[in-house]
Asks: 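Quick one: the structure is below, questions incoming.
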Protein chains: 2
Amino acid sequence: MKLLPNLPLLDRVQVLNTLRQHYITPTQQRVEIASLLLTQYQHLSADDILAQLNQRHPIVSKATVYNTLNLFVEKGLVQQVIVDPNKIFYDSNTNKHYHFYNVDTGCLSDIEDEQVTLTHLPHLPEKTQAIGVDIVIRIRNR
Amino acid sequence: MKLLPNLPLLDRVQVLNTLRQHYITPTQQRVEIASLLLTQYQHLSADDILAQLNQRHPIVSKATVYNTLNLFVEKGLVQQVIVDPNKIFYDSNTNKHYHFYNVDTGCLSDIEDEQVTLTHLPHLPEKTQAIGVDIVIRIRNR
DNA sequence: CTGCTTGCAAAGGCTTTGCAGAACA
DNA sequence: TGTTCTGCAAAGCCTTTGCAAGCAG
């Protein structure tokens with residue numbers, strides 16, 4: 001296992017702190033995966049992450065990518081976005097926001113909270129509580 | 001292949017007409033699947049449909065259920081609902097509406113259009129057009 | 001008859017898991 | 001040194017596909 005020579009925008013110390021804040025023991029693989037995701041808000045599948053990290057040298061295995069992403073979700077570091085039956089997207093933007101999903105390109109992009117006004121939410125079913133509201137605007141090329 | 005002795009609420013003639021209106025050649029299997037879905041608004045996975053139809057006698061094969069559901073989606077008879085990475089739900093309610101998804105029970109239920117007020121939609125990305133807006137309120141048992 | 005449909009079994013794609021070796025504290 | 005983590009390969013799950021037999025018109 002070789003580390004990438006240089007970390008991106010978010011430096012290693014920041015990534016380490018972020019992981020620790022979420023009670024995630026930082027290992028080299030976890031730092032790499034977190035760095036990729038946290039560099040900027042993006043929507044990557046497990047396979048995207050695997051491909052990007054191993055572009056030069058093998059850095060991380062498929063099993064570890066999946067295990068790590070599940071850990072990150074569990075610890076609230078990233079969110080799953082379910083818009084395509086074939087793959088799960090992992091979203092490092094944990095602010096309240098929504099998504100455009102381009103069915104032609106498979107590209108997912110953010111809609112900021114302020115850009116949508118949602119009023120008049122319905123009553124929840126008995127004995128349930130809301131976890132979150134997902135809004136996906138499906139679009140296609142014109 | 002044996003047909004079920006009695007069709008549910010929506011009678012066979014209505015189902016046949018509905019299929020024809022959607023330019024779907026009615027076969028015995030398609031009528032069975034459509035009957036199940038169109039009896040009432042419901043959210044079934046391919047596996048649910050397979051299990052329910054074959055409860056007594058083998059009526060339809062797995063391959064045909066999948067092929068038929070894809071055909072129904074293509075022809076606009078039902079809609080896919082993607083909320084769970086493990087399976088696709090097929091929704092026979094084609095009116096404008098939204099969903100509650102109970103992550104504890106895996107149960108999907110409808111929210112009528114009037115119960116949500118959505119204003120102020122964001123600008124679409126360049127050269128794209130909207131296909132639809134999906135809203136899923138994720139809930140859990142309290 | 002002729003083309004479309006069905007069903008079986010095999011294949012595919014994404015994700016999870018078992019387990020042995022490696023890393024970490 | 002004990003625990004946790006990693007990685008390989010195998011297994012699992014849902015869905016699709018190839019192809020021969022069956023059905024519809």
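Since the structure is predicted, the reported quantities are computational estimates derived from the model, not experimental observations. The sequence lines fix the lettering, A, B, ..., with proteins before strands; numbering per chain opens at 1.
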Asks: Closest to the B/T64 side chain: C/dT15, D/dT15, C/dG7?
Replies: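 So the nucleotide nearest the side chain must be C/dG7.
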Asks: Quickly work out the A/K75 NZ to D/dC5 P distance and round it to whole Å.
Replies: 10 Å
Asks: Taking a hydrophobic cluster as the set of Ile, Leu, Val, Met, Phe, Trp and Tyr residues connected by side-chain heavy atoms closer than 4.5 Å, whether directly or through intermediates, do A/V133 and B/V103 fall within one such cluster?
Replies: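 No, because A/V133 and B/V103 fall into different hydrophobic clusters, even though each may have its own neighbours under 4.5 Å.
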Asks: Assuming nearest nucleotide by heavy-atom distance, tell me which of B/T25 and B/K62 is located more 5' along DNA chain C.
Replies: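 The answer here is B/T25.
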Asks: Pick the closest DNA chain D nucleotide for B/A63 and for A/L71 by heavy atoms, then say which residue is nearer the 5' end.
Replies: A/L71
Asks: If I take atom CG in residue B/D48 and atom P in nucleotide D/dC13, what distance separates them, rounded to the nearest angstrom?
Replies: 16 Å
Asks: Does B/Y66 place a side-chain N or O at less than 4.0 Å from the phosphate oxygens OP1/OP2 of D/dT16?
Replies: no
Asks: Reckon B/Q28 has a side-chain N or O less than 4.0 Å from the OP1 or OP2 of D/dG22?
Replies: no
Asks: Rounded to whole angstroms, how far apart are CG on B/L69 and P on C/dG7?
Replies: 13 Å
Asks: Is there a continuous path of hydrophobic side-chain contacts, each under 4.5 Å between heavy atoms, that joins A/L44 to A/V78?
Replies: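 Linked within one cluster.
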Asks: Looking at D/dT16, I'd like to know if its phosphate oxygens (OP1 or OP2) sit under 4.0 Å from a side-chain N or O belonging to B/N70.
Replies: yes
Asks: Between D/dT6 atom C1' and A/L53 atom CG, what is the distance in whole Å?
Replies: 14 Å
Asks: Classify B/D47 by what it touches in the nucleic acid, base, sugar-phosphate, or nothing, heavy-atom distance under 4.0 Å.
Replies: nothing
Asks: Starting from P on D/dT6, measure out to CG on A/L50 and report it in whole angstrom.
Replies: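 Taking atom P of D/dT6 as the reference, CG of A/L50 is at 14 Å.
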Asks: In terms of side-chain heavy atoms of A/N67, which of C/dT17, C/dT5, C/dC14 is nearest?
Replies: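 Of the candidates, C/dT17 comes closest.
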Asks: Counting only heavy atoms not in A/Q80, do more than 12 sit closer than 6.0 Å to its CD atom?
Replies: yes
Asks: Contact class for B/N86 vs. all strands (heavy atom < 4.0 Å): base, sugar-phosphate, or nothing?
Replies: sugar-phosphate
Asks: Grab the two heavy atoms, one from A/T68 and one from A/R30, that are nearest each other, plus how far apart they are.
Replies: CG2-CG, 3.9 Å
Asks: Taking atom C1' of D/dT15 as reference, at what distance in whole Å does atom CD of B/E74 sit?
Replies: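 From B/E74 CD to D/dT15 C1': 16 Å.
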Asks: Would you kindly give the CD1-to-C1' distance between B/I49 and D/dT15, to the nearest whole Å?
Replies: 14 Å
Asks: Take the protein atom NZ of A/K87 and the nucleotide atom P of D/dC13, then report the distance between them rounded to whole Å.
Replies: 24 Å
Asks: Could you tell me whether the side chains of B/H43 and B/D110 share a donor-acceptor contact shorter than 3.5 Å?
Replies: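 Yes, because at least one side-chain N or O of B/H43 sits under 3.5 Å from a partner of the opposite role on B/D110.
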Asks: Would you tell me if any nitrogen or oxygen in the side chain of B/T27 comes within less than 4.0 Å of OP1 or OP2 on C/dT6?
Replies: yes
